[in-house]
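Only one structure is covered here, and it is reproduced in the block below.
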Number of protein chains: 2
Amino acid sequence: MKRLLERIDREILAAGGKRSRSRAVVIEGFFRARDHVTIEELTRSVRESAPWIGAATVYRTLKLLERLGYAKELDFGEGARRYESNLSPHHDHLVCRQCGTVIEFEDTEIENLQDLVTRRHGFHPTAHRLEIYGFCRICASGESAERVR
Amino acid sequence: MKRLLERIDREILAAGGKRSRSRAVVIEGFFRARDHVTIEELTRSVRESAPWIGAATVYRTLKLLERLGYAKELDFGEGARRYESNLSPHHDHLVCRQCGTVIEFEDTEIENLQDLVTRRHGFHPTAHRLEIYGFCRICASGESAERVR
DNA sequence: GAATATCCTGAAATTGAATTTCATCATCAT
DNA sequence: ATGATGATGAAATTCAATTTCAGGATATTC
């Protein structure tokens, strides 16, 4: 984690940016937070230890991390976007409409078929999004206790 | 087309709704418009023949069509949502980031693999979205003339 | 270690799509 | 015709996201 933060720091400097206390707190908070956080959730969380931090800074910092390739923006159609760290390999998402749980999965076969489709249309892909919405095992079984989010 | 509009009319009546001139214009405009329109585009278009129609009515009418199963809401991350008619069979989208062209494709193999994935996680799918972003044949070849949208 | 250019900040203002409110009008059932 | 209720357009509101702005912090140059 320390090494990661230092590396990001160096990249920001190399790109003409400067260090800042607030940004450091947000970046570390982001990597420590559970994945798929909203800006609002992350803001609330970093403010516990650094209450002066404004939401605008959190927005700005996550855009920055996205530009540097360390974060990915997600949109599960909830109104607010979510962010995940981009350290783990590519994957897609199962999103439970009841409890909000997000299950990540990886399927190289699907990816291969996607490549076939794009090739068939002479299309040059740069990114894709695949989300499957529905009910997770627990919620589908009716045991659904409470809404997590 | 006439039969379709009449059928929708009947369904609205059956559900306790009433007819209205504005709504009829919007619905017909929607099915006549090219696919994947934004509310703003559709509003502009219906106002050519019915300038009194407000944007709120277009929003409301498309939500209604969605509820009845005749329209689908799309979000290509452009800020504004798009809508497509839900008459043709299920398909996914290739979205060109240069010219905005949307290519529809259908791939039952991908769908099957998706089912496998969900089953593997005990997940009960209700919907999914798969979009591949990149550059269409024309834009990728550099001939890209102008931005259509 | 001062000077300075420039970046970063938090608060507040702004944007823009989407939704809601509200007074009025239109449509359906009787 | 009449009454009940749905639908309308304009305006107000919501809400996430972005931008503005004046002040503060940080790197760089000497």
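Treat the numbers as computed from the prediction; the structure is a model and nothing was measured. Every chain is numbered from 1 and lettered A, B, ... according to where its sequence line falls, protein lines coming before strand lines.
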Nearest-angstrom distance from the residue atom CG of A:L62 to C1' of C:dT9:
16 Å
Under 4.0 angstrom between B:R81 side-chain N/O and C:dT19 OP1 or OP2:
yes
In whole Å, I'd like the distance from the CD atom of B:E73 to the P atom of C:dA17.
14 Å
Can you tell me which nucleotide in D:dT8, C:dA5, C:dA26 comes closest to the side chain of A:K18?
C:dA5
Nearest-Å distance for atom pair CD1/P, residues A:I53 and C:dC8
15 Å
What orientation do B:Y133 and B:F76 show, parallel under 30°, tilted 30 to 60°, or perpendicular over 60°?
perpendicular
Using atom CD of A:E78 as one end and atom C1' of D:dA16 as the other, report the distance to the nearest whole Å.
13 Å
When you measure from the side-chain N and O atoms of A:S20 to the phosphate of C:dT9, is any distance below 4.0 Å, counting only OP1 and OP2?
yes
Return the 5'-most residue of the pair A:G54, B:G17 with respect to DNA chain C, ranking by each residue's nearest nucleotide.
A:G54
Please examine the side chains of A:I27 and A:L65, heavy atoms only from C-beta on, and report whether any two atoms are closer than 4.5 Å.
yes
Does the side chain of A:R19 get closer than 4.0 angstrom to OP1 or OP2 of D:dA27 through an N or O atom?
yes
Which of the following nucleotides, D:dA17, C:dA17, C:dC8, is nearest to the side chain of B:Y59?
C:dA17
With a non-hydrogen cut-off below 4.0 angstrom, is B:A56 in contact with a base, only sugar-phosphate, or nothing?
base
Is a side-chain N or O of B:S45 found less than 3.5 angstrom from the main chain of B:E41, in a donor-acceptor match?
no
Using atom CZ of B:R10 as one end and atom P of C:dT27 as the other, report the distance to the nearest whole Å.
19 Å
Have a look at A:E84 and tell me which of A:R34, A:H36, A:K72 forms a side-chain hydrogen bond (donor to acceptor under 3.5 Å, both in side chains) with it.
A:H36
The residue, B:Y83 or A:R21, whose nearest nucleotide of DNA chain C is more 5′ is A:R21
Please report, rounded to the nearest Å, how far the P atom of C:dA17 is from the CZ atom of B:R44.
12 Å
When rounded to whole Å, the CD1 to C1' distance for the pair B:I8 and D:dA7 reads 17 Å
When both hydrogen-bonding distances must be under 3.5 Å and the geometry is Watson-Crick or G-U wobble, what is C:dT30 paired with, if anything?
D:dA1
Under 3.5 Å, is there an N or O donor on one side and an acceptor on the other linking the side chain of B:R60 and the base of C:dT21?
yes
Answer whether the closest heavy-atom distance between the side chains of B:T101 and A:F123 falls below 4.5 Å.
no
Please give, in whole Å, the distance from C:dC8 P to A:I12 CD1?
8 Å
